[in-house]
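Okay, structure first, notes after.
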Number of protein chains: 2
Amino acid sequence: MGISDRKERERLEMRELILTEATRMFAKVGYEETSIRAIAKKIEYSPATIYNYFTDKDDLLMAVQEVAFNRLLVEFAKTVSIESPLDRLYAIGRIYVEFALANPEHYQLMFILAAPMKFIDHGVKWEMGNHAFGFLRQTVQECMDKGLIKHYSDSRLASVMLWGQVHGLVSLHNCHRLSILQMQESELHDTIFASLQTLLRMLSAG
Amino acid sequence: MGISDRKERERLEMRELILTEATRMFAKVGYEETSIRAIAKKIEYSPATIYNYFTDKDDLLMAVQEVAFNRLLVEFAKTVSIESPLDRLYAIGRIYVEFALANPEHYQLMFILAAPMKFIDHGVKWEMGNHAFGFLRQTVQECMDKGLIKHYSDSRLASVMLWGQVHGLVSLHNCHRLSILQMQESELHDTIFASLQTLLRMLSAG
DNA sequence: GGAAACAATGAACACTGTTCACTAAGTTTG
DNA sequence: CAAACTTAGTGAACAGTGTTCATTGTTTCC
């Protein structure tokens, strides 16, 4: 049936139109500050139309989160060619930090906002998070297999420590809490990268 | 003039009434989910009355942040009797984590929400943050003076690394991002404390 | 050509933070 | 004591939010 194929295609195109605009606007002014009405106006449709393609704003948020995660994963994938797992680990951390600094609003809806996790906890898995974390953990495991990280025996624990370190610093920075250091923007960035490097050095010097 | 004294006192009492209720409700359901109308109803006043004591919701938020910070600082103060600066450092970290886990919504408005920092960056200092960070930094400095932390020469940098580590883990946990570890709540808590301990051990084993 | 399916929407609902003219009470003055 | 002034409290309104739903107009099917 060619007609229903076309309908399906048009439906996906419409969904994509909304999603693309939402992704752009969420990145620009943030999730909370972007209204359904504003998205509708930009794509020249009625606000109610959006609800024919997404059940609610949270659903839209989840879709944008997926887009953002895929962008991060594309960056992560560039590190597979790095042979030394320790170098690769640093590269992953660096990419994570750079992503967070370059896309603060997307970072927020991936790792900070409570909203997208509503239906998590109810048995539903957080697939995107799992995927990204798995990528990190794999490299950490490789480091441990080669005896490059000795402080830990469980790659999950070492990974979560690394994740916590970089997430902590970039999120403090993105919400202006590091202003107390009275540093220039570039100095702050350097501080974050240096902390990552220090942590890795200490972990590998076990 | 006794009357204007009484008026001043009554004004402060009214401010306190609003602030107390706001503090309670922000802790219970969070800042965003607490409406001015709900606070007004609870204290049996009109919503407009609140605006006679606080310029807007952000102003109220800042006042609650101060209350929350004072509570954290009271806990911090209990560590001054610990002689070993390294033990004291661990105690401070533990208190920080426990506070964040016990008061997630207050933690959020102290360290995560962007709103209260609007007028920061414009030259205004973030006094409460400075105060709490100063407390941490002092102990870190003492550790360095006694040669207990060798990886760093600047206590600011060592402090911000520690802060980043604990903030990262508790904030990931509080917004359910650590669900991917599929651990029990108590296991997650242990993991956070263990990470703090590991970091301190590594820093002191320089 | 008439019936069924469906995408798009205008209007409404229940909220939100916030403002402001107005009331009523308390305080100061003549 | 009464009149003038100050001030705390408020009802009503405004502009905005996410969301729902009956109605429209078009397309597809028989």
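So that the names make sense, note that chain A is the first sequence line, chain B the second, and so on, each numbered from 1.
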Between atom [atom1] in [X] and atom [atom2] in [N], what is the gap in whole Å?
X	N	atom1	atom2	value
B:K41	D:dT10	NZ	P	14 Å
A:K57	D:dG16	NZ	C1'	12 Å
A:I50	C:dA7	CD1	C1'	14 Å
A:L17	C:dA8	CG	P	10 Å
B:Y51	C:dT16	OH	P	11 Å
B:Y31	C:dG17	OH	C1'	9 Å
B:F54	C:dG17	CZ	P	15 Å
B:E13	D:dG9	CD	P	12 Å

Under 3.5 Å, is there a donor-acceptor pair between the side chain of A:Q165 and the main chain of B:M161?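 Answer holds: yes.
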With a 3.5 Å distance limit and no angle check, can you tell me whether B:Q65 reaches the backbone of B:L109 through a side-chain donor-acceptor pair?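 Confirmed, B:Q65 side chain pairs with B:L109 backbone.
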To the side chain of [X], which of [options] is closest?
X	options	value
B:Y45	D:dT10, D:dT19, C:dT19	D:dT10
A:R11	C:dT18, C:dC20, C:dA7	C:dA7
B:I36	C:dT9, D:dT19, C:dT18	C:dT18

Under 4.0 angstrom between [X] side-chain N/O and [N] OP1 or OP2:
X	N	answer
A:T49	C:dT9	yes
B:S35	C:dT16	yes
A:Y53	C:dA8	yes

Does a salt bridge link B:E75 with B:K78, judged by any charged N lying under 4.0 Å from a carboxylate O?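 A salt bridge is present here (some side-chain N lies under 4.0 Å from a carboxylate O).
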Which is it for A:T79 and A:R88 under the side chain to side chain donor-acceptor pair (under 3.5 Å) test, yes or no, and what are the steps along the way? CA-CA 6 Å; A:T79 64; A:R88 198 184 325 135; 5.4 Å; no
Between the base of C:dG17 and the side chain of B:R37, is there a donor and acceptor pair under 3.5 angstrom? yes
If you go through the side-chain atoms of A:D56, does one of them form a donor-acceptor pair with the base of D:dG18 closer than 3.5 Å? no
Flag if over 12 foreign heavy atoms under 6.0 Å of CD, B:E127: no
